[in-house]
Amino acid sequence: MTKRLWNTHELKKSYDVVIIGGGVNGLATAYYMAKMGQKNICVLESKFVGYGGSGRNTAILRSNYRTPEGIKFYEQSMSMYRGLAQELDFNLMFSEQGHFTLGHSESSMSGLVTRAENNKALNVDSYMLDPKQVKEMLPEIDITDHPRYPVMGALYHPPGGIIRHDAVVWAYCKEAEKLGVEVHNLTTVEEVIIEKGKVTGVKTNRGQINCGKLLSAVAGWSSEVCKKVNLKLPITTHPLQAMVTESYKPWLHHVVVSSTLHIYLSQTDRGELVCGNGIDNYTHFGMKSTLGFLEGYAAHVLELFPILHNVKVQRSWAGLCDMTPDYGPIISKINEIEGFYLNCGWGTYGFKAGPASGLNTAKMILDDKEPDMIKAFSFYRFQNNELGGEKAAASVGN
Amino acid sequence: MLTCPNCGKRNVGEFSYKGSYNKRPDAAASFDKWVDYVYMDENPTGMNREWWYHGNGCKRWFIVDRDSMDNLSHKSQWFSEV
């Protein structure tokens with residue numbers, strides 16, 4: 001009989017740390033906290049682990065961001081991902097196949113050059129290519145002036161690649177359980193109990209539990225959870241749609257992204273093409289696919305890769321992105337509520353941050369103080385006028 | 001589909017979403033009120049009052065009360081009617 005990777009548990013009366021959200025951020029935090037010696041942790045997930053953004057992203061990893069804070073943080077994440085399969089004893093199918101960000105206008109090229117230079121200064125392998133060099137590595141791409149937005153060049157990031165996203169979630173869940181963390185599926189937090197400005201517990205659909213510390217790591221649903229503690233967030237939730245095609249023989253050996261055309265494209269080991277779009281331009285909590293997305297994506301991707309004209313779509317889906325005004329995440333303790341911590345605002349790149357986000361969030365909760373690495377992601381940066389500037393590095397931001 | 005108070009029901013691709021409608025605070029309002037106005041958002045699961053712009057149509061701005069869960073039920077009106 002197949003061995004189960006993790007077990008189900010009865011809900012205990014009390015936990016030292018409760019984490020809301022069983023995605024990569026919540027589970028990684030639980031794992032690293034347990035590894036640092038914290039006992040009695042539980043993760044509450046309203047559906048099942050990896051139901052949200054962790055299972056709905058396009059599985060791309062990269063660290064070629066724009067701001068020094070962003071680059072260092074994502075580089076830490078990348079270096080942790082490299083050793084993760086070994087550490088978690090699970091095949092994560094990480095393939096560092098190289099990552100292209102195409103430029104189609106003067107302004108996008110200038111953004112890409114800035115990123116290349118900032119990356120080099122911080123020892124992240126990342127440089128510019130002209131259209132001819134792009135064509136050498138991607139023979140199927142159209143670099144003529146026929147498309148509406150011809151390719152003017154690309155930012156190339158050799159360590160970027162793809163990973164098996166579900167496996168990352170399962171591996172964190174499995175190892176966290178081994179260290180004594182309890183993961184509760186189908187457990188929804190209905191109310192947060194605060195006494196004298198301190199979090200003391202949560203009411204769930206399976207009963208009330210007491211807790212010393214509470215972390216919200218629920219991405220698209222963060223505003224809803226924070227309403228339970230009367231906290232208004234600088235976040236709007238937008239869906240991002242994606243799809244996979246039928247399997248084809250391997251022809252695309254790198255990840256291709258175009259921010260102007262709102263495209264992600266990569267080929268999995270099974271041969272399916274994973275296609276992702278930009279976020280829908282209005283807030284929405286539904287996870288449905290729309291015809292508009294399919295039409296728009298097809299029109300754009302055919303301009304780059306005309307050979308895809310007969311490709312058949314197998315399935316499509318949408319995931320929720322919690323967008324902040326500066327496209328940077330929020331990992332922060334909340335000064336007004338003792339014992340309440342936030343991990344959200346991941347927008348379109350929460351999955352690739354998983355390991356670094358988990359490690360730093362775990363440190364923050366244990367020390368009750370943000371480590372230097374994530375100081376720039378404070379919740380209070382908005383009122384202190386210290387916004388980051390990651391919008392240009394959002395692969396398909398608008 | 002979204003309803004424009006001027007042109008009627010049109011494909012949503014013709015419109016741009018311009019953010020939640022929030023009442024602008026008084027110039028002398030506290031710093032916290034301005035931070036709240038500039039950055040924070042209710043981001044409700046349900047009805048929200050927001051600005052939309054009919055860019056590929058009559059180029060008018062208007063207010064929509066829209067359900068962010070089903071994305072179907074909505075009511076459009078001019079700002080002057082709010």
Side-chain angles (χ1 to χ4, degrees), chain A residues 46 218-228 230-239 241 262 278-296 299 318 320-328 330 336 344-345 378-388 398, chain B residues 1-5 9-25 29-57 59-77:
Chain A
S46 70
V218 294
W221 302 95
S222 297
S223 300
E224 283 303 297
V225 168
C226 287
K227 266 175 209 155
K228 302 181 201 305
N230 281 328
L231 187 68
K232 207 169 160 188
L233 297 179
I235 280 180
T236 52
T237 298
H238 296 252
Q241 301 187 39
H262 292 189
I279 54 170
D280 287 6
N281 64 2
Y282 47 89
T283 62
H284 185 25
F285 288 85
M287 289 189 263
K288 290 177 194 154
S289 305
T290 61
L291 181 64
F293 152 67
L294 205 61
E295 283 176 337
L320 300 183
C321 302
D322 38 342
M323 311 303 296
T324 55
D326 62 356
Y327 280 61
I330 299 172
E336 291 78 10
C344 62
S378 164
F379 172 68
Y380 298 97
R381 68 178 184 269
F382 299 97
Q383 61 196 54
N384 297 337
N385 210 7
E386 291 165 347
L387 273 67
N398 292 300
Chain B
M1 302 292 272
L2 192 76
T3 312
C4 167
K9 232 174 179 187
R10 311 287 298 182
N11 195 313
V12 72
E14 292 185 8
F15 302 90
S16 318
Y17 168 76
K18 296 291 185 183
S20 291
Y21 166 77
N22 294 313
K23 212 165 177 261
R24 196 181 167 85
S30 69
F31 182 71
D32 289 347
K33 279 222 168 86
W34 275 100
V35 169
D36 186 81
Y37 173 70
V38 174
Y39 295 117
M40 304 299 164
D41 200 295
E42 284 290 343
N43 198 22
T45 48
M47 293 308 273
N48 193 26
R49 178 159 285 186
E50 49 204 29
W51 282 107
W52 283 77
Y53 171 62
H54 197 180
N56 290 351
K59 303 219 183 306
R60 299 279 298 270
W61 288 68
F62 55 97
I63 301 282
V64 180
D65 291 314
R66 182 177 62 98
D67 187 333
S68 65
M69 293 303 277
D70 71 4
N71 215 15
L72 293 169
S73 7
H74 69 276
K75 182 175 160 247
S76 307
Q77 53 190 327

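Here is the naming used below: chain letters follow the sequence lines, and residue numbers restart at 1 for every chain. If you're wondering where the values come from, they're calculated on a predicted model, not measured in any experiment.
- When heavy atoms are compared at a cutoff of 4.5 Å, A/Leu233 approaches chain B solely by way of its backbone atoms N, CA, C and O.
- Distance alone, capped at 3.5 Å, places no donor-acceptor pair between the A/Lys288 side chain and the B/Asp70 backbone.
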For this session: Kindly indicate, with the supporting measurements, whether the criterion ring pair (Phe, Tyr, Trp, His ring centres under 6.0 Å) is fulfilled by A/Tyr282 and B/Tyr17.
Result: CA-CA 5 Å; A/Tyr282 47 89; B/Tyr17 168 76; 7.0 Å; no
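- Of the residues considered (A/Cys226, A/Ser223, A/Gly286, A/Ser222), A/Ser223 shows the highest number of contacts with chain B, using heavy-atom pairs under 4.5 Å.
- The candidate with the highest count of non-hydrogen atom pairs below 4.5 Å against chain B, out of A/Ile235, A/Thr290, A/Asn385, is A/Ile235.
- Of the atoms belonging to A/Gln383, heavy atoms from both backbone and side chain fall under 4.5 Å from chain B.
- Summarising the geometry, atom CZ belonging to B/Phe15 is positioned 12.0 Å from atom CG belonging to A/Asn281; distances are rounded to the nearest 0.5 Å.
- Between chain A and the residues B/Ser20, B/Gly13, B/Pro44, the most heavy-atom pairs under 4.5 angstrom are made by B/Pro44.
- In this structure, A/Phe285 and B/Asn43 have side chains that are in contact, with non-hydrogen atoms separated by less than 4.5 Å.
- Contacts of B/Trp34 with chain A are absent, with no heavy-atom separation under 4.5 Å from either backbone or side chain.
- Interface residue B/Val12: only side-chain heavy atoms are found under 4.5 Å from chain A.
- The salt bridge (Lys or Arg N to Asp or Glu O under 4.0 Å) test with A/Lys232 singles out one residue from B/Asp36, B/Asp32, B/Asp41, and that residue is B/Asp36.
- With a threshold of 4.5 angstrom between heavy atoms, A/Asp322 does not approach chain B through any atom at all.
- Comparing B/Lys18, B/Met69, B/Arg66 by heavy-atom pairs within less than 4.5 Å of chain A, the highest count is held by B/Arg66.
- At a 4.5 Å heavy-atom cutoff, the contact between B/Glu42 and chain A is made by backbone and side-chain atoms alike.
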